[in-house]
Amino acid sequence: MSVSVTTFELENAGAGTSPFRLEDTLSNPDIDAVVLLLQRDYHCRKCRQQVQDVAARYDEFEAENALVVSVLPESVDQARNWQESYDLPFPLLADPVKQLGDDLDQPSRFGVLGNLHDMIGRMPEALVIDVRGDDPTVTYVHKGTSPADRPSIDELLAEVRKLS
């Protein structure tokens, strides 16, 4: 699978500069891939655990020239609260209008009701984006069907390694 992704810009409460611009990774020779984690909600325990698990093994992503970017569909203040709690070594973006999740068809369930409230409707999504050329290309997508349906750290690393 190889799908082009449009560049985006969001406020960053985590490591790195703010705002975070995907296009800035295209000119960075130290980044071959962006692992994009679209979270469900500020209160989601599985989301919180995922970012902590990735942080614990972040050196493995860096060794593969991969930048992990987590996107929280919340205000920048909520994203800052996560950053203060977990001290993440990667960008943590705030997407209060949920535009990026919508643009990337982040899964939702329960129809209209699910669209009204992220906690019950929005599901996690993970993507690997090849940023080695001028056109960022999605090479892997995992669309969660439940709050716990996420790829493991090993699965994400395996997908990044496929780019080498």
Side-chain angles (χ1 to χ4, degrees), residues 1 3-28 31 33-55 58 61 66-131 135-151 153 156 159-160:
M1 175 181 81
V3 177
S4 184
V5 64
T6 59
T7 59
F8 59 87
E9 177 180 313
L10 291 170
E11 292 300 315
N12 179 14
T17 60
S18 186
F20 174 89
R21 293 177 186 89
L22 182 64
E23 67 189 48
D24 292 344
T25 65
L26 301 177
S27 60
N28 187 332
I31 301 173
V34 171
V35 177
L36 191 63
L37 304 174
L38 299 177
Q39 305 298 348
R40 297 180 55 230
D41 178 88
Y42 173 83
H43 301 286
C44 173
R45 286 184 297 228
K46 298 286 185 190
C47 298
R48 289 170 177 258
Q49 189 61 55
Q50 183 182 42
V51 295
Q52 292 175 77
D53 291 347
V54 169
Y58 195 61
F61 287 95
L67 175 69
V68 175
V69 177
S70 183
V71 180
L72 193 60
E74 303 281 354
S75 69
V76 72
D77 288 338
Q78 292 288 62
R80 283 189 189 114
N81 288 340
W82 263 28
Q83 183 62 19
E84 288 171 13
S85 297
Y86 307 123
D87 191 27
L88 302 173
F90 49 83
L92 174 61
L93 310 185
D95 186 10
V97 297
K98 304 162 185 65
Q99 188 62 53
L100 186 59
D102 290 346
D103 290 348
L104 295 173
D105 295 322
Q106 185 174 4
S108 182
R109 62 182 182 172
F110 303 128
V112 174
L113 181 61
N115 288 333
L116 292 176
H117 199 286
D118 290 334
M119 188 63 175
I120 61 169
R122 188 172 293 271
M123 293 295 107
E125 183 173 351
L127 302 93
V128 174
I129 305 170
D130 182 343
V131 294
D135 189 24
T137 304
V138 176
T139 60
Y140 169 82
V141 178
H142 180 99
K143 291 181 181 285
T145 57
S146 72
D149 183 11
R150 302 161 188 269
I153 305 301
L156 292 171
E159 291 299 328
V160 168

Sorted by chain and residue number, the ring pair (Phe, Tyr, Trp, His ring centres under 6.0 Å) partners of F90 (sequence neighbours excluded) come out as Y58

In terms of heavy-atom contacts, P73 and R122 come closest through CG-CD, 3.9 Å

### Task
Using a 4.5 Å cut-off on heavy atoms from C-beta on, say whether the side chain of H142 contacts that of P124.
no

Residues K143 and L104: closest non-hydrogen pair is NZ-O, 3.1 Å

Scanning both residues in full, the closest heavy-atom pair of V68 with P91 reads O-CD, 3.2 Å

Does the W82 side chain pair with the main chain of R48, one donor and one acceptor, at a distance under 3.5 Å?
no

With distance as the sole test, does D95 use its side chain to make a donor-acceptor pair with the main-chain N or O of L100 at under 3.5 Å? yes

Taken in chain and number order and not counting sequence neighbours, the residues that satisfy side chain to side chain donor-acceptor pair (under 3.5 Å) with Q99 are D103

**Asked** Side-chain contact, heavy-atom cut-off 4.5 Å: L37 with L156?
**Response** yes

- Query: Is there side-chain contact between Y140 and V35, with at least one heavy-atom pair below 4.5 Å?
  - Reply: no

>> Can you confirm whether I129 sits close enough to T25 that some side-chain heavy atom of one is under 4.5 Å from a side-chain heavy atom of the other?
In response: no

Nearest heavy-atom approach of V97 to D102 is O-OD2, 4.4 Å

* To do: With the side chain counted from C-beta on, respond yes when E125 and V141 share a heavy-atom pair under 4.5 Å apart, and no when they do not.
  => yes

Legend entry - Any side-chain donor near an acceptor of the partner, Q50 and Q39, under 3.5 Å: yes

In this structure, CG of L72 is separated from CG of L38 (nearest 0.5 Å) by 10.5 Å

_Tell me whether N12 contacts the main-chain N or O of L92 through its side chain, where contact means a donor paired with an acceptor under 3.5 Å._
yes

Exercise. Ignoring hydrogens and angles, tell me if any N or O in the side chain of D130 forms a donor-acceptor pair with the backbone of T137 under 3.5 Å.
Key: no

Q78 meets the side chain to side chain donor-acceptor pair (under 3.5 Å) criterion, sequence neighbours left out, with N81

A94 meets the side-chain contact (heavy atoms from CB on, under 4.5 Å) criterion, sequence neighbours left out, with V76, A79, P96

Value for CG (L67) from CZ (F20), rounded to nearest 0.5 Å, stands at 5.5 Å

Side chain proximity check, L127 to V34, heavy atoms < 4.5 angstrom = no

Between R40 and C47, the two heavy atoms sitting closest are N-SG, 3.3 Å

Across all chains, not counting sequence neighbours, the side chain to side chain donor-acceptor pair (under 3.5 Å) partners of D87 are none

By side chain to side chain donor-acceptor pair (under 3.5 Å), S85 pairs with (sequence neighbours left out) none

Closest heavy-atom pair, Q83 versus A15, reported as atoms and distance to 0.1 Å, is NE2-N, 4.4 Å

Residue set satisfying salt bridge (charged side-chain N to carboxylate O under 4.0 Å, His left out) with D77, at least two apart, ordered chain then number -> R80

E9 meets the salt bridge (charged side-chain N to carboxylate O under 4.0 Å, His left out) criterion, sequence neighbours left out, with R21

